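For reference, the structure is listed below as structure tokens.
What you see is a predicted model; the values in this text were computed from it and never measured.
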Amino acid sequence: MRTDDFWQLIDRARAGGGGEADAVAARAVALLAERDPADIVGYAHHQRRVLAASHTVDLWGAAYLINGGASDDGFEYFRGWLMAQGRAVFARAVADPDSLAELPQIRSAALSGEEFESEDMLAVPWEAYRKATATDLPADRDPVAVPDLNDFWDFDDEEEARRRLPRLAALFVEPPEE
């Protein structure tokens, strides 16, 4: 599966659904299950590549600010939610995590405390393969390397958050007292 095919399937799943990540995931499972099993395997491989590319310290920091914390699993599920937002939002967030501050749902979450995660989006290829073949998705024979994140910063350090992610910090970190 090519990059364009991967994102086009997600766009089709997003169409008409109001953007709720778990609903996008359910539609993606249905759409993907209609395809050849080799396409589903290709989707799974591409999803691993997308997750590896988005495994960055500053995006993790953004998820931490937005969701009020982000464990390893929480960061994975945040990126599942981010995939459900479509290619343009995902690519922009990977290149500039602070750009997430421009999304209306993120801005409103600063007031509501809503969290953004979708474990279901990460399960799409496994669910689709099982639905299409009644068997488990085969193990990936071409694993994707996940970057080593040795340059973590303290996500609870408000000054560092303001320096690295100023727009998100303005939404999620209390302004300094004067």
Side-chain angles (χ1 to χ4, degrees), residues 1-56 58-60 62-63 65-68 70 73-138 140 142 144 146 167-168 171-172:
M1 176 172 280
R2 297 174 350 161
T3 299
D4 289 342
D5 296 331
F6 175 86
W7 288 110
Q8 284 170 2
L9 188 132
I10 290 173
D11 284 345
R12 285 185 56 210
R14 288 175 43 78
E20 168 59 38
D22 290 344
V24 172
R27 286 189 297 279
V29 167
L31 290 168
L32 194 55
E34 295 173 356
R35 299 181 72 163
D36 185 85
D39 284 344
I40 301 171
V41 171
Y43 180 100
H45 181 75
H46 194 79
Q47 178 174 290
R48 281 189 292 282
R49 289 179 52 211
V50 164
L51 290 171
S54 64
H55 196 262
T56 68
D58 283 344
L59 187 58
W60 199 328
L65 285 175
I66 292 166
N67 284 346
D73 287 344
F75 182 47
E76 288 282 315
Y77 304 156
F78 176 81
R79 290 180 293 150
W81 171 84
L82 192 56
M83 279 190 332
Q85 305 315 299
R87 185 180 198 170
V89 170
F90 189 92
R92 186 151 188 227
V94 171
D96 176 16
D98 206 31
S99 70
L100 290 165
E102 298 167 11
L103 297 178
Q105 63 266 44
I106 298 294
R107 296 184 73 76
S108 68
L111 300 173
S112 70
E114 181 180 0
E115 294 182 11
F116 300 98
E117 295 184 342
S118 180
E119 185 177 3
D120 289 353
M121 197 66 195
L122 300 177
V124 165
W126 286 268
E127 296 296 325
Y129 199 86
R130 178 163 286 291
K131 187 174 181 179
T133 68
T135 61
D136 289 335
L137 184 70
D140 190 7
D142 187 19
V144 175
V146 176
R167 292 177 286 173
L168 285 171
L171 292 172
F172 294 97

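- Partners of Arg130 under the side chain to side chain donor-acceptor pair (under 3.5 Å) rule, at least two apart in sequence or in another chain, are Asp136.
- For Leu100 against Ala62, the heavy-atom pair with the smallest separation is CD1-CB, 4.2 Å.
- Under the side-chain contact (heavy atoms from CB on, under 4.5 Å) criterion, Val50 pairs with Phe6, Trp7, His46, Met83, Phe90, not counting sequence neighbours.
- In plain terms, the two heavy atoms of Gly80 and Leu122 that are nearest each other are CA-CD2, 3.7 Å.
- Applying the salt bridge (Lys or Arg N to Asp or Glu O under 4.0 Å) test to pairs two or more places apart or on separate chains, none has a residue in residues 109-118.
- With sequence neighbours excluded, the residues that form a ring pair (Phe, Tyr, Trp, His ring centres under 6.0 Å) with Phe116 are Trp81.
- Separation of atoms CD1 (Ile66) and CG (Leu82) is listed at 8.5 Å; rounding is to 0.5 Å.
- Using a distance-only test at 3.5 Å, with no hydrogens or angles considered, a donor-acceptor pair links the side chain of Trp60 to the main chain of Ala70.
- Considering only residues two or more places apart in sequence or on other chains, Ala128 meets the side-chain contact (heavy atoms from CB on, under 4.5 Å) condition with Val29, Leu32, Ala33, Ile40.
- The side-chain contact (heavy atoms from CB on, under 4.5 Å) check on Ala123 picks up Glu127, with sequence neighbours excluded.
- The salt bridge (Lys or Arg N to Asp or Glu O under 4.0 Å) check on Asp39 picks up Arg35, with sequence neighbours excluded.
- Residues Leu31 and Ala13 share a closest heavy-atom pair of CD1-N, 3.7 Å.
- Evaluation of the side chain to side chain donor-acceptor pair (under 3.5 Å) rule for Asp5 yields no partner, not counting sequence neighbours.
- Of the inter-residue distances, the one linking Met1 atom CE with Arg49 atom CZ reads 12.0 Å to the nearest 0.5 angstrom.
- Under the rule for a side-chain contact (heavy atoms from CB on, under 4.5 Å), the partners of Asp96 that lie at least two apart in sequence or sit in another chain are Asp98, Ser99, Arg167.
- Phe78 and Asn67 make their closest contact through CD1-ND2, 3.7 Å (heavy atoms, listed as atom of the first residue, atom of the second, distance).
- Proximity of Val41 to His45: side-chain heavy atoms (C-beta onward) are nowhere separated by under 4.5 Å.
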Before you tell me yes or no, could you show the steps for Tyr43 and Leu137 under side chain to side chain contact (heavy atoms under 4.5 Å, CB included), namely the whole-Å CA-CA distance, both residues' side-chain angles and the distance that decides it to 0.1 Å? CA-CA 11 Å; Tyr43 180 100; Leu137 184 70; over 6 Å; no
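- For Thr135, the side chain to side chain donor-acceptor pair (under 3.5 Å) test picks out Thr133, with sequence neighbours left out.
- Considering only residues two or more places apart in sequence or on other chains, Glu76 meets the side chain to side chain donor-acceptor pair (under 3.5 Å) condition with Arg79.
- When all heavy atoms are compared, the tightest approach of Glu102 to Arg92 is OE1-NH1, 2.5 Å.
- The shortest side-chain heavy-atom distance between Val24 and Met121 falls under the 4.5 Å cut-off.
- The shortest heavy-atom contact between Ala25 and Val124 is O-CG2, 3.7 Å.
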